[in-house]
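Below is one structure, written out as structure tokens; the observations come after it.
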Amino acid sequence: MNNLPLIARLLTLADDELILGQRDSEWTGHAPLLEEDIAFSNIAQDELGHALLWYTILHEHCDQPHPDRLAFWRAAPEFRNATLVELPSGDWAFTLVRQYLFDEYEKARNAALAQCGYPPIVEAVGKITREEIYHLLHSQGWIVRLGDATEESHRRMQAALDQLWPHALGLFEPIQGDAEFSAQLNLIKIAWLDAITPTLAQATLIIPPDTRPVFGGRRGEHTDHLTTLLDEMQKVARTESPDAVW
Amino acid sequence: MSDTQLHTYEVFHQSKSGEPHVHVGAVHASDAALALQYARDQFARRLPCTSLWVVPSDQITATSQAESAAWFDSSTDKSYREASGFPMRDIVKRAENWQENDQLTG
């Protein structure tokens, strides 16, 4: 069986989760209040757990290297995450808007993946979905709270949305080598837009019109921010040999 | 100094369906919905949980520390009111013995 489309697809799934989880974990110890620190650190951990699920399928079903090897021993051009998740976390508004846009994308995408007919993916989607319900409750709640809370919070949220929007559209970049799933991305995007539009409207935030998406992430073309992130994330693992067991 | 950490909510945790909700602590949050999420992260991720309540702390009417002696301390001996003041164990023991004796003799 030709695994290449499957490998290409799984790498985008795993790398999105790993890089977003790493960005989210940067808030540990810095979130605006202690309770949120704990809540957001939990979410970061969940995302890393989801990344591990996808990497494990790659390893066990597609003859790819061990998850640690995939996470800590690849360079930026080998990563297939969307640029959305690699951008520096910025302020709390930026972090939450990104998280919300991604959570809704994940929900729409998981609904499509659940129908893909490949048992390991269908099973993983089942595990992930339960945690994602909570993630969405959390990020959506914050979007509505901060969108029209104060003049400053609104300004910061709108600025975050303006900056993130082209990168969010990059989530729907066709995946090279996976025509089957790429063909579904348009429908996933429509479902995503249907979900985020009322929430952003409720938060009095305006979707930037006529935006050109930032593509490239799915081909390994990233911003320099990913290199900086990987330097930090991979530093400890790379003090040992790639075969070290942790 | 003003509290920058929003409101506090008391958290009540139920570990099994039908059991009472037990007070386990408090969380800071902007509103009840978020308080429930924080309560879940702090009290329900490691403990088994079937249900959570959050209650705004300022909605709880409590006895005051200063008057606690007047409320709760007895000035005279009222041990006869306590369960341990009744010789129940002895009575039960005696009843059991009677039953055994009845069976032996009957």
Side-chain angles (χ1 to χ4, degrees), chain A residues 21 24-25 27-50 91-93 95-97 99-100 103 127-154 156-157 199 202-204, chain B residues 1-68 71-72:
Chain A
D24 287 350
S25 76
W27 282 99
T28 302
H30 303 280
L33 66 164
L34 178 63
E35 285 79 353
E36 183 58 40
D37 203 293
I38 293 165
F40 210 66
S41 299
N42 277 333
I43 289 173
Q45 259 185 346
D46 288 346
E47 304 293 17
L48 296 178
H50 300 169
D91 60 8
W92 187 236
T95 296
L96 288 169
V97 173
Q99 188 69 33
Y100 173 64
D103 287 344
K127 286 182 188 167
I128 286 172
T129 300
R130 197 151 28 129
E131 287 184 335
E132 287 302 332
I133 292 171
Y134 175 78
H135 290 190
L136 198 51
L137 189 68
H138 177 267
S139 61
Q140 188 179 28
W142 269 107
I143 295 296
V144 175
R145 279 178 186 86
L146 288 184
D148 66 347
T150 65
E151 198 188 319
E152 184 186 1
S153 76
H154 176 81
R156 285 176 180 249
M157 294 292 277
T199 303
Q202 196 188 345
T204 69
Chain B
M1 205 178 84
S2 71
D3 188 353
T4 59
Q5 301 290 298
L6 312 167
H7 314 294
T8 66
Y9 290 80
E10 302 301 319
V11 180
F12 297 82
H13 171 277
Q14 187 195 48
S15 56
K16 206 175 143 196
S17 185
E19 294 287 313
H21 285 70
V22 177
H23 184 239
V24 286
V27 292
H28 292 94
S30 58
D31 52 69
L34 202 50
L36 265 185
Q37 293 184 29
Y38 291 154
R40 176 253 194 198
D41 282 321
Q42 278 168 81
F43 300 106
R45 269 179 85 101
R46 288 179 179 83
L47 299 171
C49 183
T50 46
S51 164
L52 285 171
W53 292 347
V54 291
V55 178
S57 302
D58 62 11
Q59 292 299 303
I60 290 177
T61 308
T63 55
S64 80
Q65 195 76 41
E67 291 170 1
S68 90
W71 277 79
F72 308 117

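Note that the coordinates shown come from a computational prediction; the quantities given were computed from them, not determined experimentally. Keep in mind that the numbers below use all heavy atoms, side chains included, and drop hydrogens, waters and symmetry copies. Letters A, B, ... are given to chains in the order of the sequence lines, protein chains preceding strands, and every chain is numbered from 1.
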Fill in: Nearest atoms (heavy-atom pairs only) where A:Arg145 meets B:Leu34
NH2-N, 3.5 Å
Discussion item. Quick check for you: to the nearest 0.5 Å, what is the distance between A:Asn42 atom CG and B:Gln37 atom CD?
Written reply: 11.5 Å
Worksheet item: Out of curiosity, B:Asp41 CG to A:His138 NE2, how far, rounded to the nearest 0.5 Å?
Response: 7.5 Å
Item to complete: Compute whether any side-chain donor of one residue and acceptor of the other, for B:His28 and A:Glu35, lie under 3.5 angstrom apart.
Response: yes
Practice prompt. Enter the distance from A:Leu137:CG to B:Leu36:CG here, rounded to the nearest 0.5 Å.
Written response: 9.0 Å
Discussion item. Can you confirm whether B:Arg46 is buried at CZ, in the sense that more than 12 heavy atoms of other residues, nucleotides or ligands lie under 6.0 Å from that atom?
Written reply: no
Fill in: B:Tyr38 side chain to A:Ile38 backbone, donor-acceptor under 3.5 Å
no
